[in-house]
Amino acid sequence: MTLTGAIVFFVIFWWLSFFIVLPIGVRGQFEDGPVQEGTEEGAPANPMIKKKALWATYGAVALTSVSFVLSRVFDLQSLVVGG
């Protein structure tokens with residue numbers, strides 16, 4: 001796996017991980033009490049975006065590492081190139 005390939009994998013895995021962890025622990029404003037004026041009542045009261053971005057980063061690092069190891073073990077580049 002090249003550096004460019006690793007970066008592409010990391011970005012894809014980061015967004016995948018981010019969308020997976022995004023709904024975890026979300027409570028709507030209507031569940032926690034008063035709704036702020038001008039917002040949807042189902043909007044998250046505390047979305048914890050920084051924490052979820054960190055979780056997504058950990059997930060992306062893990063998935064990119066696994067894909068790197070698998071590409072070395074199974075030599076996927078030679079399968080694609082035909083070598």
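The figures here come from the full heavy-atom set of this structure, side chains too, leaving out hydrogens, waters and symmetry mates.
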Considering non-hydrogen atoms only, spot the tightest contact between Ser17 and Ala60 and give its length.
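Shortest heavy-atom separation between Ser17 and Ala60 comes out as OG-N, 3.8 Å.
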Rounded to the nearest 0.5 Å, the OG1 atom of Thr64 sits from the CZ atom of Phe13 at a distance of 6.0 Å
Point to revise | Separation between CZ of Phe68 and CG of Leu63, rounded to the nearest 0.5 Å | key: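 One finds 15.5 Å between CZ of Phe68 and CG of Leu63.
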Under 4.5 Å between side-chain heavy atoms, counting indirect links through other Ile/Leu/Val/Met/Phe/Trp/Tyr residues: same cluster for Ile12 and Phe9 or not? no
Which pairs would a plain distance check flag for residues 44-55, meaning a side-chain donor or acceptor within less than 3.5 Å of a matching protein atom at least two apart in sequence or in another chain?
unit_1, atom_1, unit_2, atom_2, d
Lys52, NZ, Leu22, O, 2.6
Lys52, NZ, Ile24, O, 2.9
Lys52, NZ, Pro47, O, 3.3

Would you call the rings of Trp14 and Phe18 parallel, tilted or perpendicular, taking 30° and 60° as the class edges? parallel
Can you check whether Phe10 reaches Val61 side chain to side chain, under 4.5 Å on heavy atoms? yes
